[in-house]
Amino acid sequence: MSEGPASLPTAISLPGRRRLRFAPSPTGALHIGNVRTALFNYCLAGPEGRFLLRIEDTDRERYRPESVLEYQAELRWLGLLWDEGPEVGGPCAPYVESERLPLYRKAADRLLDGGAAYPCFCSRERLEELRAAQRASGLPTRYDRRCLHLSSDEVSRLRAEGRPEVVRLRMPEGESAWNDLVLGPQRFDNAEIDDQVLLKSDGYPTYHLAHVVDDHLMGVTHVVRAVEWLPSTPKHLVLYRALGWSPPELAHVPLVLGPDRQKLAKRHGAAAVSEYREMGYLPEAVVNFLAFLGWSPGTEEEVFALSDLRSRMAFERLQSSPAVFDGQRLDYLNGVWIRRLSPGELGRRLRPFLPQASAEQLEPIAEMVRERIRRLDEVPGLVAFAWADPDPSASLLQGSLSRSAAHDFLQGAVPVFQGGSAQLMETLRALASSAAASSTDGAKAEVRRLMRVVRIALTGQEISPPLDACARLLGPQEVDRRLRSALGKLQGPG
RNA sequence: GCCCGCAUCGUCUAGCGGUUAGGACAUCACCCUUUCAAGGUGGUAACCGGGGUUCGACUCCCCGUGCGGGUACCA
């Protein structure tokens, strides 16, 4: 490449009608709020569009290399597969900003040459003092442009001294306006905007420079990001213009709040996607739930798969007010999606939660729990009896029944279970009904009490999956052993 | 401090000048039921306040209030 110092590649005919991107900064765990932004970008690209993943690793202080792979794994888990980006490549590679440094340098040089930016040698200490003073006198905190009018001699002298140097954007006079796809017409007075640092003294660009260069070079057509970026948008617009590029469409989506209406964070409980995965939320439910935090179809439908969302989501229906993250609604949707899974599929998803279960046990377990759980991590507790000896006490077994009634019913139940499970419940209920016939209070209540004895004998718990399913999971021998053991405890007076 | 954004049931939301303000979660009651669920039926519950504009405002405009965001050589 024999490009001049101020030359940059040109973005031409890239695939996809719309090109949207998710550009996280790998500094920690992937936050659920960021996932929503990723989801919106993914969906808004539409079936005809392209979804790109770009790694914004320009903050060397906070950079965490492991995060890159973690983010990718979580996005894949959610089904947010990128058409271009790390690992999959694409026409705009590389998609990692730390590998694109020369591009930002060239852009900075071009801005410097055109007078849209200037070198600044002010120390961090001076900047801090400046801000403190401005704040103290009630002024907006902004750089005072001390380095704006440095002569070339002064610049060379400072460089010769080895003073750390940054490149600052020279914010021009006038106004910055755009039509935000979510918030509508926006207008800022440039005089309110600071001369932002574009290139840091370590040679890395700031977000402002890097994302403008990359979004342009990568042919990004729509930038969808959280409102926290709204106030710095004028800087970006100025950069596009100074570089001779036309800006993409902009859409600022509202924040996701915690129950206290503060920006969702760690202290609200789970903030990382990985935690949701570990708690047994299905990616389908997380996606469905997050989509409705700021979007709705305008109909009364509420269950959406990712592919439906990608074909249905549109800017016009994006919400402009912030949404509170409501865990109860997520739980509900998770239950809905769990019940939509076939027992076989649910069994496969259950694997990480049931290390002690055999391969053959997973599907039957899935079948017995699918209508009673909202999260996969509830399952180990529901079926714990299968791998533990319940060993219930006699008083727990008999409950409000007389000891002899409990004993007699259990004794009658033993042969029922031995007879195989085909009509198990029918037979058991018939047995209970006849035993309850002489009951003074309600026969129905008596049947319940009787069935309860069997439940506790088998599982040690008052609450369990249906008895026939429990019996099948345990197997005939174990059922027989547990019934006889309980029988033994109910022997004699009590 | 300065700049900016937002505002319908507790929560997510529908509404885009005229509606008994709709749905879902949660909640309450009942039904179903071998427990727990799931499912069914029904109920409680909202337009932040004040001015305008208009024959008519939840809807449009202004002010206030509240909440939030930004104000970095972090993104």
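Here is the naming used below: chain letters follow the sequence lines, and residue numbers restart at 1 for every chain.
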Does the side chain of [X] get closer than 4.0 angstrom to OP1 or OP2 of [N] through an N or O atom?
{"X": "Q319(A)", "N": "A14(B)", "result": "yes"}
{"X": "S320(A)", "N": "A7(B)", "result": "yes"}
{"X": "R448(A)", "N": "U34(B)", "result": "no"}
{"X": "R131(A)", "N": "G1(B)", "result": "no"}
{"X": "S464(A)", "N": "U35(B)", "result": "no"}
{"X": "R455(A)", "N": "U34(B)", "result": "no"}
{"X": "T141(A)", "N": "A72(B)", "result": "yes"}
{"X": "S137(A)", "N": "G1(B)", "result": "no"}
{"X": "Y332(A)", "N": "C25(B)", "result": "yes"}
{"X": "K200(A)", "N": "A75(B)", "result": "yes"}
{"X": "R317(A)", "N": "G15(B)", "result": "yes"}

Protein-nucleotide distance ([X], atom [atom1]; [N], atom [atom2]), rounded to Å:
{"X": "D59(A)", "N": "C74(B)", "atom1": "CG", "atom2": "P", "result": "6 Å"}
{"X": "L318(A)", "N": "A14(B)", "atom1": "CG", "atom2": "C1'", "result": "15 Å"}
{"X": "H208(A)", "N": "U71(B)", "atom1": "NE2", "atom2": "C1'", "result": "11 Å"}
{"X": "D260(A)", "N": "G10(B)", "atom1": "CG", "atom2": "P", "result": "18 Å"}
{"X": "I365(A)", "N": "C36(B)", "atom1": "CD1", "atom2": "P", "result": "22 Å"}
{"X": "L257(A)", "N": "C67(B)", "atom1": "CG", "atom2": "C1'", "result": "8 Å"}

[N] to [M] separation - [atom1] atoms, rounded to the nearest Å:
{"N": "G10(B)", "M": "G51(B)", "atom1": "P", "answer": "24 Å"}
{"N": "U19(B)", "M": "U59(B)", "atom1": "P", "answer": "13 Å"}
{"N": "U44(B)", "M": "G18(B)", "atom1": "C1'", "answer": "28 Å"}
{"N": "A29(B)", "M": "A45(B)", "atom1": "C1'", "answer": "15 Å"}
{"N": "A57(B)", "M": "G49(B)", "atom1": "P", "answer": "15 Å"}
{"N": "C48(B)", "M": "C74(B)", "atom1": "C1'", "answer": "35 Å"}
{"N": "U27(B)", "M": "U11(B)", "atom1": "C1'", "answer": "12 Å"}
{"N": "C9(B)", "M": "C55(B)", "atom1": "P", "answer": "31 Å"}

Can you figure out which of [options] approaches the side chain of [X] most closely?
{"X": "R62(A)", "options": "A7(B), A75(B), G1(B)", "answer": "A75(B)"}
{"X": "F188(A)", "options": "C3(B), U34(B), U35(B)", "answer": "C3(B)"}
{"X": "R135(A)", "options": "G70(B), G1(B), G23(B)", "answer": "G1(B)"}
{"X": "D326(A)", "options": "G10(B), U34(B), C6(B)", "answer": "G10(B)"}
{"X": "E300(A)", "options": "G22(B), A14(B), A75(B)", "answer": "G22(B)"}
{"X": "D194(A)", "options": "C4(B), A72(B), C12(B)", "answer": "A72(B)"}
{"X": "K263(A)", "options": "U35(B), G69(B), C12(B)", "answer": "G69(B)"}
{"X": "T206(A)", "options": "A26(B), C6(B), A75(B)", "answer": "A75(B)"}
{"X": "S296(A)", "options": "U34(B), C3(B), A14(B)", "answer": "A14(B)"}

Sugar-phosphate only, base, or nothing, as touched by [X] at under 4.0 Å among non-hydrogen atoms:
{"X": "P254(A)", "value": "nothing"}
{"X": "R374(A)", "value": "sugar-phosphate"}
{"X": "C122(A)", "value": "base"}
{"X": "R142(A)", "value": "nothing"}
{"X": "L467(A)", "value": "base"}
{"X": "T27(A)", "value": "nothing"}
{"X": "G294(A)", "value": "sugar-phosphate"}
{"X": "E61(A)", "value": "nothing"}
{"X": "L139(A)", "value": "base"}
{"X": "F325(A)", "value": "nothing"}
{"X": "P234(A)", "value": "nothing"}
{"X": "Y207(A)", "value": "base"}
{"X": "P465(A)", "value": "base"}
{"X": "V166(A)", "value": "base"}

Under a 4.0 Å threshold between the charged nitrogen and the carboxylate oxygen, would [Y] count as salt-bridged to [X]?
{"X": "D195(A)", "Y": "R142(A)", "value": "no"}
{"X": "E97(A)", "Y": "R54(A)", "value": "yes"}
{"X": "R372(A)", "Y": "E378(A)", "value": "no"}
{"X": "E478(A)", "Y": "R482(A)", "value": "yes"}
{"X": "K106(A)", "Y": "D109(A)", "value": "no"}

| task | Report the C-alpha separation of E284(A) and R340(A) in whole Å, then their side-chain angles, then the decisive distance to 0.1 Å, and conclude whether the salt bridge (charged side-chain N to carboxylate O under 4.0 Å, His left out) test is met. | result | CA-CA 10 Å; E284(A) 292 93 331; R340(A) 287 193 161 207; over 6 Å; no
| task | Measure the acute angle between the ring planes of H211(A) and Y207(A), then classify it against the limits of 30° and 60° as parallel, tilted or perpendicular. | result |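 Rings of H211(A) and Y207(A): parallel, under 30°.
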| query | Any idea how F315(A) and H222(A) line up, ring-wise: parallel (<30°), tilted (30 to 60°), or perpendicular (>60°)? | reply |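 Parallel.
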| field | Neighbour count >12 (heavy atoms, 6.0 Å) for atom CD, E173(A) | value |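 Not buried by this count: 12 neighbours or fewer within 6.0 Å.
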| Are F289(A) and F325(A) close enough that their ring centers fall under 6.0 Å? |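 Yes, the ring of F289(A) comes within the 6.0 Å limit of the ring of F325(A), centre to centre.
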| field | N/O donor-acceptor pair, side chain R261(A) with base C67(B), under 3.5 angstrom | value |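 Between C67(B) and R261(A), which were checked side chain against base, a qualifying N/O pair under 3.5 Å is absent.
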| Could a donor-acceptor pair under 3.5 angstrom be found where the side chain of S201(A) meets the base of C73(B)? |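 Check passes, donor-acceptor contact within cut-off.
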| message | Using heavy-atom distances to pick each residue's nearest nucleotide on RNA chain B, tell me which of G138(A) and E56(A) is more 5'. | response |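 First, find each residue's nearest nucleotide; the 5'-ward one identifies G138(A).
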| Position toward the 5' end of RNA chain B (nearest nucleotide), P140(A) or I373(A) |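 On the 5' side of the pair lies P140(A).
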